[in-house]
Amino acid sequence: MDELLQEFLNETAENLETADNELVKFERDPDDMEALATIFRLVHTVKGSCGFIGLPRLERVAHAAETLLGKVRDGEIVVDAAIVTATLDAIDRVRSITAGLAQTETEPEGDDTALIERLEGLAAEDRAAQDDKAGNGSAACAPPEPASTDPSEDQDPPALGRSGAAQTIRVSVDLLEELMTSVSELVLTRNQLMQERRREDAADLALPIDRLSAQIGRLQESVMRTRMQPISGAWNILPRMVRTLAVDLGKRIDLVMEGGDTELDRQMLELIKDPLAHMVRNSADHGLEAPAERAAAGKRETGTISLSATQEGGHITITLADDGRGINTHRLREKAVASGVMTAAEAKAAGEPQLCRLIFHPGMSTAEAVTNVSGRGVGMDVVRANVEKIGGAIEVDSTPGQGTRFKLRIPLTLAIMPALIVGVGEARFAVPQIAVAELVRTGEGSEHRIEHVAGAPVLRLRGRLLPLASLSTALYGDAAEDAEIPPTAADHVLVIRSAGLHFGIIVDRIYDTEELVVKPVSRTLSDLPLYSGNAILGDGNVIMILDMNGIAADLADVAGEDPANDDKAAAPEDGRDAMLVFRAGRDVQPFAVPLSLVTRIEDLDAAAVERAGGGYVVQLRERLVPLVGMDEAWSPAETGRQIALVFSDLHDTVALAVDEVVDIVDAAVSLEISSSDPARLGTAIIAGKATDLIDVAYLLRRRSDREGDMLYSARPTPGSIKADILVVDDSPFFRNMLKPLLDSAGYTVTTAAGVDEALAMRESGKRVDLILSDIEMPGKSGLDFARAVRGGGAWAKVPMVALSSLAGEDDMDAGIAAGFDRYVAKFDRERLLTLLATSLKDRAA
Amino acid sequence: MTHSATQIVTLSLAGRALGIDVMQVQDVIRLGTVTPVPRAAPWIAGVMNLRGHIVTAIDLRARLGLPPTIGERSMCVVVSLDGEAHGLIVDAVGEVLAVSEADREPDPPTLPAHWRAVSRGIVRREEDLILELDAAALLSGCPDAQIVAAA
């Protein structure tokens with residue numbers, strides 16, 4: 001489109017809106033010469049511009065309106081309703097022509113003769129006629145033909161409700177959402193940086209990071225604010241609407257608006273626009289009396305509708321009041337009984353407030369006659385439904401003869417929360433999706449199942465144990481099974497990661513996800529920590545929203561310990577490893593093994609253990625698995641249960657018979673390698689006790705009888721190749737175990753606790769000959785690391801060996817695909833050394 | 001109606017005639033679906049949807065230590081206190097009664113303590129006596145202890 005034309009259209013759209021409101025203001029106060037001057041100037045500008053770009057139809061209309069307004073300004077004629085109506089019609093016509101222009105870039109076809117004649121006729125009338133007219137209120141409304149009778153009107157496309165073109169630009173909501181997402185990401189990154197800043201001696205970075213942080217904070221706020229708009233955006237249409245209504249109804253109405261600058265979410269603004277307009281229309285139609293009736297009641301002839309908005313906390317309160325006749329509760333009562341909304345007795349018992357609220361019932365309009373303004377069946381019930389749909393509330397109070405006041409409370413933003421609807425027995429509860437990190441199916445036929453350690457339910461999840469709690473127990477207590485609540489199906493585990501918590505909640509069913517409009521619980525329920533709110537579901541029922549923090553705290557009270565935050569938590573903190581502590585054989589001293597190395601814990605029937613060759617085997621998941629004890633001389637019990645820890649590597653699986661799993665402890669392990677027993681790595685202090693760490697690789701090899709294995713025998717002389725090896729592992733235990741091992745083999749070892757730390761070394765120019773990396777690491781995984789290394793940079797060609805407790809074929813393939821050259825089970829020290837030597841040899845060759 | 005007269009809505013609960021000040025009554029509805037709230041006090045029946053608003057339903061029988069109803073179609077008197085609505089589940093709702101001061105009597109000293117705690121006094125009628133409930137007292141205080149005392 002022609003730039004000039006576009007500019008004209010934008011400017012005109014803005015001018016027209018101003019003109020609308022100024023005109024209404026001017027009519028109310030004909031002495032407001034400033035308002036008149038503004039209107040005149042606006043119309044004049046339109047006329048001037050059209051002449052300039054050559055828009056004859058527009059120019060003629062604007063000219064006629066300007067002439068009329070000019071006479072008013074010069075005091076030649078006195079303003080009256082007819083003049084204002086005609087001018088408003090002219091503005092409407094200009095608006096519809098410009099709308100056509102915006103679409104086709106040419107003036108649409110149409111006949112403006114009638115309108116122009118009306119404008120010219122009014123301009124030509126002498127003062128005497130005007131005075132006469134002004135004295136007669138109803139006559140003032142008569143001459144102006146309603147705009148719809150004008151033949152050209154129907155041919156024009158509807159006017160565009162443009163507003164505020166100059167200082168603003170249109171941005172799609174999608175783009176705003178995208179901005180919001182990016183800002184959230186930025187905030188996350190900023191927070192990471194802030195943590196780094198605290199930890200490292202990064203004095204040089206402190207200042208820029210602080211500046212960045214402050215800037216991101218401001219950015220976040222601004223982006224949030226882009227969604228907020230002043231409520232006047234929903235009000236701008238009202239003055240004009242009320243004026244039209246007053247003319248149509250033969251009433252005199254003042255519209256007073258306060259607090260138009262109160263801001264709320266733009267989506268909310270759109271949603272309340274129509275209900276609000278409808279309510280104002282209702283007040284004008286039903287609420288306010290005709291001037292004669294008002295005069296008879298000793299009131300001012302001009303009725304007042306006042307609209308105000310204030311912000312209170314997370315809500316906006318919009319008050320709409322009129323000083324009209326009030327709600328006729330007698331009629332409501334009759335109507336309620338007649339339409340069956342209430343029985344006669346109920347109607348009789350109903351108090352005044354309850355009767356007033358009947359206007360929110362369908363089909364309870366109290367208009368004496370159906371007018372073309374309201375009372376068309378779209379009543380306050382629709383308004384109420386719309387308000388409630390957006391989480392708002394509407395109240396009414398009314399005093400007969402003095403007026404009616406509506407109070408609308410709506411949230412600042414649509415407080416919509418995506419939630420997971422879960423089931424326990426017959427009951428349903430909502431869990432905020434934000435608190436659910438993961439959903440694990442544990443029912444029949446799924447690969448995960450709930451296990452027990454010393455009676456406590458746990459779930460093995462990616463090599464870590466997740467403490468579990470049953471929602472049924474949390475809600476109904478341990479007596480659940482005795483009560484009417486049927487035994488739980490325990491089909492799903494919600495992995496909760498919220499506010500520093502990490503635990504699983506066992507539920508029976510997952511129904512659905514639903515976007516809930518959250519409402520606070522009532523005072524009588526507010527001291528229950530289990531709920532963060534409640535909401536009305538799509539099906540109309542109320543659902544309680546669970547507060548996962550509250551549930552965790554509550555479970556801790558019941559169990560005497562915090563299931564998520566105590567030192568038994570399976571997800572270790574930095575510098576700690578989850579160690580499984582058990583007793584076995586005749587040893588008084590407990591044993592321990594890193595939990596990440598345990599494939600499963602099996603509870604076996606002792607009778608299922610069979611003798612085979614020189615040892616014992618047991619059938620586990622359709623495979624015969626060797627069952628060994630800590631002592632060579634171990635033999636299984638004849639009857640009862642036998643607990644076994646199952647360890648697997650790529651080739652072999654072995655079950656270690658233990659007497660008892662004592663505990664799972666999150667501990668910083670410092671290993672003393674001083675053991676003479678090959679089945680033990682050494683001793684460490686765990687949970688205050690000297691504990692022997694078992695050598696899983698030795699156990700596996702001892703039974704699988706592969707001492708003569710090619711790889712094993714081809715083990716190179718330690719130190720035959722000098723090399724710098726980088727070990728990347730989040731577990732300090734393994735770093736501590738590997739470093740001395742590799743040191744003693746003659747390698748130079750550097751360790752990194754994570755991918756980022758390792759990559760930082762690469763950036764700083766560190767040279768390495770081989771990289772040994774763990775796969776399962778919090779944050780960036782070993783696979784990410786391999787891809788980053790292979791993606792370019794100084795280490796792109798450095799051999800990489802994956803170290804993992806996961807050792808299935810799939811895992812291997814994934815590792816190779818990501819860029820690893822070789823794969824070795826984490827605990828297999830012998831094979832590790834062999835592989836290192838082979839890899840380095842390959843590289844040298 | 002004299003100036004000092006008030007109006008009460010009469011209720012019936014386990015054969016007892018009770019009343020509640022009309023000014024405290026926001027609504028009278030037939031009881032719909034109530035969602036139970038685990039771990040709430042035993043006299044809280046649950047939460048329900050009252051035309052888009054969530055209202056806590058009070059099991060008035062449990063609250064007053066009366067035997068539970070079975071299967072009866074119950075009514076719910078919605079009372080509004082400090083801007084918050086609660087639904088009182090009762091057996092039936094009667095009529096609105098204009099009560100003059102002359103019809104009123106204080107609680108008899110023999111009235112059990114857990115009743116006295118929620119009573120505004122007694123209203124005399126030809127046919128019966130009505131205990132007027134105090135909605136605010138019903139929703140506060142330490143009802144659990146009272147129920148124990150009543151049991």
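In what follows, chains are A, B, ... by sequence order, proteins preceding strands, each numbered from 1.
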*Top of B/Leu81, B/Ile54, B/Val25 for chain A proximity - count of heavy-atom pairs under 4.5 angstrom*: B/Ile54

*Taking atom CD of B/Glu126 as the centre, does the number of heavy atoms from other residues, nucleotides or ligands within less than 6.0 Å exceed 12?*
no

*Could you tell me whether the side chain of B/Leu97 reaches within less than 4.5 Å of the side chain of B/Gln7, counting heavy atoms only?*
no

*Apply salt bridge (charged side-chain N to carboxylate O under 4.0 Å, His left out) to the pair A/Glu395 and A/Lys407, showing each step before the final yes or no.*
CA-CA 5 Å; A/Glu395 284 167 47; A/Lys407 218 171 175 184; 5.8 Å; no

Hey, can you pull the donor-acceptor pairs under 3.5 Å for the side chains in residues 9-17 of chain B, sequence neighbours left out?
from    : atom 1 : to      : atom 2 : distance (Å)
B/Thr10 : OG1    : B/Glu95 : N      : 2.9
B/Thr10 : OG1    : B/Glu95 : O      : 3.4
B/Arg16 : NH1    : B/Ala14 : O      : 3.2

*asked:* Using a 4.5 angstrom heavy-atom cutoff, name the option from B/Val34, B/Thr33, B/Asn49 with the most pairs to chain A.
replied: B/Asn49

*Which region of B/Val47, side chain (C-beta onward) or backbone (N, CA, C, O), has a non-hydrogen atom less than 4.5 Å from a non-hydrogen atom of chain A, or is it both or neither?*
both

*For B/Arg61, does the CZ atom have more than 12 heavy-atom neighbours from other residues, nucleotides or ligands under 6.0 Å away?*
yes

_Once you measure the plane-to-plane angle for A/Phe406 and A/Phe360, does it fall in the parallel (<30°), tilted (30-60°) or perpendicular (>60°) bin?_
perpendicular

*chain B contacts, top residue of A/Ala474, A/Ser522, A/Ala427 (heavy-atom pairs, under 4.5 Å)*: A/Ser522

*What part of A/Leu528 lies closer than 4.5 angstrom to a heavy atom of chain B: side chain, backbone, both or neither?*
side chain

*Under 4.5 Å heavy-atom distance to chain A, tell me which part of B/Gln26 shows up: side chain, backbone, both or neither.*
both

*If you count heavy-atom pairs under 4.5 Å between each of B/Val93, B/Val37, B/Val22, B/Val28 and chain A, which one has the most?*
B/Val37

